[in-house]
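Here is the structure we will look at, set down as C-alpha cells.
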Amino acid sequence: MSAINGKVVAITGASSGIGEATARLLAERGAAVVLGARRTRRLDEIARDIRDRGGRAVTRAVDVSRREDLEGLVGNAVTEFGRLDVLVGNAGIAKIGPVADLDVDGWSAMIDVNLRGILHGVAAALPVFRRQGHGHLVATVSTAGLTITPTMAVYAATKNAVRTLLEGLRQESTDGVLRTTAVSPGFVRTELAGSIDDSQVRERILHNMEKIGIAPEAVARAIAFVIEQPRDVEISDITIRPTAQG
Ligand code: NDP
C-alpha cells in the first residue's frame with residue numbers, strides 16, 4: 001500500500017494542470033484531498049470524479065492572494081479530515097515579458113499569487129503543523145528560477161523568492177516538525193500560457209509547451225514521490241524537466 005494512503009493534502013491551483021493532476025494522483029493513492037482555486041465549477045467536477053472513483057475530495061473557493069482564503073482551505077482540511085499533513089502551494093501565474101515593458105500590474109499580480117500566496121499558506125498551515133507535531137510544505141517553483149532567460153526575470157524572481165523562503169523555513173525547522181520541498185518543473189503542457197498578456201511571448205511559450213512540454217502527470221508523480229518519504233527524510237528540491245529542454 002502507498003505511503004500516501006490516509007494522508008490529508010490541501011492543494012492550491014487544483015482546478016487545472018499540475019494541481020489537478022496532483023489531486024487526482026494523490027487521491028488515487030489513498031490521500032484525502034482538499035482542492036482550492038478560484039474556478040469552483042471545475043474544482044467541483046474534479047472532486048466529483050475523484051469521489052466517483054472511490055476517492056476522498058472536497059473543494060474550497062480560494063484566491064491565494066487573500067490570506068483568509070488560505071485559512072479557510074487549511075480549516076477545511078482540519079474540519080473535514082481531522083488534520084493537514086501536506087500543503088501543496090501550487091497556484092501560479094506567469095505574466096512574463098521583458099522588464100523594459102514595465103508591466104508593473106503584472107509584476108504585482110505575480111508577487112501576489114506566486115509569492116504572497118505561498119506566504120499566506122505558511123501563515124495558515126504552520127500553526128496546524130506545529131500543533132500536530134508534523135507537516136510538509138511543497139511549493140511549485142520553476143526551472144525558470146534555475147536558469148534565468150530573457151522575459152522571465154520577474155516570474156523567476158517570484159519563484160526564487162519562494163525557493164529562498166522554503167530554505168529559510170527548513171533551516172528553522174530542524175526540530176523535525178516541518179519538511180519543505182521546492183518542486184521545479186520545466187515546460188509542462190498546461191493552461192499556464194493563458195496568463196501571458198504579451199502575445200509574442202505567449203506564442204513562444206505555447207510553442208515550447210506543445211513541442212517538448214511534458215504531461216502534468218509527470219510533475220504529479222514527482223510530488224507524490226516527495227510526499228511518500230518517511231518523516232525523517234526531506235527532499236528539499238526536485239527538478240522535473242523535458243529531456244529535450246536546454
Ligand atoms: P495552470 O494555469 O493550468 O494552473 C494554474 C493554477 O493556479 C490554476 O488552477 C489556477 O486556478 C490557479 N490560480 C491562479 N491564480 C490563482 C489565485 N489568485 N488563487 C488561487 N488559484 C490561482 O498552470 P500550471 O499547472 O502549469 O501551473 C501550476 C504551477 O506550476 C504554477 O505555480 C506555475 O508557475 C508552475 N510552473 C508551470 C510550468 C509549466 O510549464 N506549465 C513550469 C514551471 C512551473 P484558478 O484560475 O481556477 O484560480
Side-chain angles (χ1 to χ4, degrees), residues 10-25 33-47 59-70 72-73 87-96 106 108-121 124 138-149 152 154-163 166 181-196 201-202 204-220 222-223 237-242 244-245:
I11 304 163
T12 68
S15 58
S16 61
I18 294 167
E20 174 183 352
T22 302
R24 288 182 183 279
L25 179 67
V33 291
V34 185
L35 281 60
R38 294 164 305 172
R39 290 171 294 174
T40 50
R41 191 176 294 180
R42 288 182 69 154
L43 288 182
D44 289 340
E45 281 168 17
I46 296 163
T59 64
R60 175 101 190 178
V62 171
D63 180 338
V64 295
S65 64
R66 295 159 52 96
R67 180 178 176 184
E68 59 271 29
D69 286 10
L70 265 303
L73 184 76
L87 174 64
V88 181
N90 166 76
I93 54 171
K95 298 208 167 287
I96 57 181
S108 297
M110 284 193 286
I111 291 167
D112 281 348
V113 177
N114 300 358
L115 174 56
R116 221 183 294 280
I118 299 293
L119 287 166
H120 291 159
V138 177
T140 313
V141 290
S142 176
T143 56
L146 300 174
T147 310
I148 316 299
T149 52
M152 294 286 196
V154 182
Y155 175 73
T158 63
K159 294 298 188 179
N160 278 347
V162 171
R163 201 187 299 281
L166 293 193
T181 306
V183 177
S184 301
F187 285 111
V188 185
R189 290 190 308 273
T190 68
E191 299 172 17
L192 190 69
S195 62
I196 304 173
V201 177
R202 186 171 59 244
R204 178 171 54 80
I205 297 292
L206 272 174
H207 176 75
N208 279 325
M209 277 182 178
E210 278 158 24
K211 200 167 155 222
I212 63 166
I214 53 176
E217 288 74 18
V219 184
I223 293 174
D237 286 280
I238 187 161
T239 301
I240 317 99
R241 55 162 76 88
Q245 182 173 332

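Atoms within a ligand are numbered from 1 in the order they appear, just like the ligands themselves. What's counted below: heavy atoms across the whole structure, side chains too, no hydrogens, waters or symmetry copies. Note that the structure is predicted; figures quoted are calculated from it, not measured.
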Do any side-chain atoms of residues 183-192 form donor-acceptor pairs under 3.5 angstrom with protein atoms, and if so which ones, sequence neighbours left out?
residue, atom, partner, partner atom, Å
Ser184, OG, Arg163, NH1, 3.1
Arg189, NH1, Gly213, O, 2.4
Thr190, OG1, Leu192, N, 3.1
Glu191, OE1, Arg39, NH1, 3.1
Glu191, OE1, Arg42, NH1, 3.4
Glu191, OE2, Arg42, NH1, 3.4
Glu191, OE2, Arg42, NH2, 2.7

Review point. Under 4.0 Å between a Lys/Arg side-chain N and an Asp/Glu carboxylate O for Glu20 and Arg24?
Key: yes
Check your understanding: Listed by chain and number, what are the side-chain hydrogen bond (donor to acceptor under 3.5 Å, both in side chains) partners of Arg66, not counting sequence neighbours?
Key -> Glu68, Asp69
Check your understanding: With a 4.5 Å limit on heavy-atom distance, are the side chains of Ile111 and Arg116 in contact?
Key -> yes
Review point. Which protein residues have a heavy atom under 4.0 Å from ligand 1?
Key: Gly13, Ala14, Ser15, Ser16, Gly17, Ile18, Ala37, Arg38, Arg39, Val62, Asp63, Val64, Asn90, Ala91, Gly92, Ile93, Val113, Thr140, Val141, Ser142, Tyr155, Lys159, Pro185, Gly186, Phe187, Val188, Thr190, Glu191, Leu192, Met209
Review point. What pairs with Ala21 under side-chain contact (heavy atoms from CB on, under 4.5 Å), at least two apart in sequence or on another chain?
Key: Pro216, Glu217, Ala220
Review point. Any chance the side chains of Ser65 and Asp112 put a donor and an acceptor closer than 3.5 Å?
Key: no
